[in-house]
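Here the structure is laid out as structure tokens; the discussion comes afterwards.
To find a chain, count down the sequence lines: A is the first, B the second, and so on, and within it residues start at 1. As the structure is a prediction and not an experimental result, all values here were calculated from the model.
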Amino acid sequence: MMLFTVAVLARSRNLFAVVVLSSVYSFLMATVLVALDAVDVAMTEAAVGAGVSTVLLLGALHLCRTEEAKHAQAPWLPLAMAVVTGGVLVYGTYGLPAFSDPQAPIHQHVAARYLKDGPRETGVPNIVTAVLASYRGYDTLGETIVVFTAGIGVVALLRRRRQRSEGDR
Amino acid sequence: MKDDVVLRVVAKLLVPFILLFALYVQFHGDFGPGGGFQAGVIIAAAVIFYAIIFGLPTARSVVPDWLVEAMVAAGVLLYLGVGLAGILLGGNYLDYFVLGATPVAGQHRGIFWVEAGVGITVSGVMLKIFYMFAARARDK
């Protein structure tokens, strides 16, 4: 189903259809993440990818034309780049340990300690929250600042443009 | 879409429940899936939904611009403040153990406020971006 969605996404020239299909893709991705037991990420994907970003894209679509412009040149170079990168990534997965292998290096480092001592040290049953907000508090602080910076970046860009267009009138 | 009775009634019914669910995700993030980021996005989605149905000016009067802009900064400041509170109470930066009577209580308190900071900033930023885009569309 995801493959089908992506194929239609790539073929479609109507940007409205593209936005709706990318929302569909996000919902499918959220389902996959639920199947992988990553409920927190699935929730984020459904809310951000399928919800808010669809609305923002529709809002942006309202400002421009809904038909994709014709490419100036044939997209062979980008296609070749994408195929090569995808091939390298798939090749890289052969070097990874098997899915849910308990002996994988990532389960041997600090994860075991988080799982063993996390509930006792923080009193928080959801390990994801414990790691995110407590053990990795600095990282989450950085993430919050990234979101903040992105927000004020958008504000700075759009507000200045509006003032300029008002000055032109 | 302001004149559609079905949409108006459904929106009025749904928005409180979406907000309630967002608060549940925010404060129940310790026990179930969720946390500040998800809750912030859901709050923003509720207001965006309201804005789509009832129009941007109505939403802007309910959640005014100054509040959204204050939220963007307040969340980060709250997060930084939790870290500073750890220092003032004799611990390291972002050290939650000193925030409560017992280490576990301190962890609970620290995680609670940090997640609240994340939620406030995320919902503020999402709303601000939506407001900027929607307002541009309306200007033309």
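For B:F130, the parts lying near chain A are the backbone and the side chain together; criterion is any non-hydrogen pair under 4.5 Å. For A:T140, the parts lying near chain B are the backbone and the side chain together; criterion is any non-hydrogen pair under 4.5 Å. Proximity to chain A is limited to the side chain of B:I48, based on heavy atoms less than 4.5 angstrom apart.
Residues B:V41 and B:M126 have side chains in contact (heavy-atom distance under 4.5 Å, counting atoms from C-beta outward).
Between the side chain of A:S22 and the backbone N or O of A:V19 there is at least one donor-acceptor pair closer than 3.5 Å. Side chain of B:Q26 to main chain of B:E115: a donor-acceptor pair is present (N/O by atom type, distance under 3.5 Å, no hydrogens or angles). B:Y79 contributes a side-chain N or O that, together with a main-chain N or O of A:L141, makes up a donor-acceptor pair within less than 3.5 Å.
Distance check: B:I52 CD1 to B:F49 CZ gives 8.0 Å after rounding to the nearest 0.5 Å. Atom NZ of B:K12 and atom CG of B:L7 lie 12.5 Å apart (nearest 0.5 Å).
Within residues 41-49 of chain A, the residues having any heavy atom less than 4.5 Å from a heavy atom of chain B are, in residue-number order, A:M43, A:T44, A:A47, A:V48. Annotation: residues 143-150 of chain A contacts chain B through A:T144, A:I145, A:V147, A:F148 [non-hydrogen atoms, separation under 4.5 Å].
Figure legend: cation-pi geometry between B:R8 and B:F54 absent, as NZ or CZ is not positioned both under 6.0 Å from the six-membered ring centre and within 45° of its axis.
A:I152 and A:L56 fall within a single hydrophobic cluster, where Ile, Leu, Val, Met, Phe, Trp and Tyr are joined by side-chain heavy atoms under 4.5 Å apart, directly or via other members. Under the 4.5 Å side-chain contact rule for hydrophobic residues, B:L67 and B:L19 share a cluster. Residues B:L80 and A:Y138 fall within the same hydrophobic cluster, defined by Ile, Leu, Val, Met, Phe, Trp and Tyr side chains chained together at heavy-atom separations under 4.5 Å.
Screening B:F21, B:W113, B:F112 for a ring-ring contact (aromatic ring centres under 6.0 Å, His included) with B:F27, the sole residue that qualifies is B:F112.
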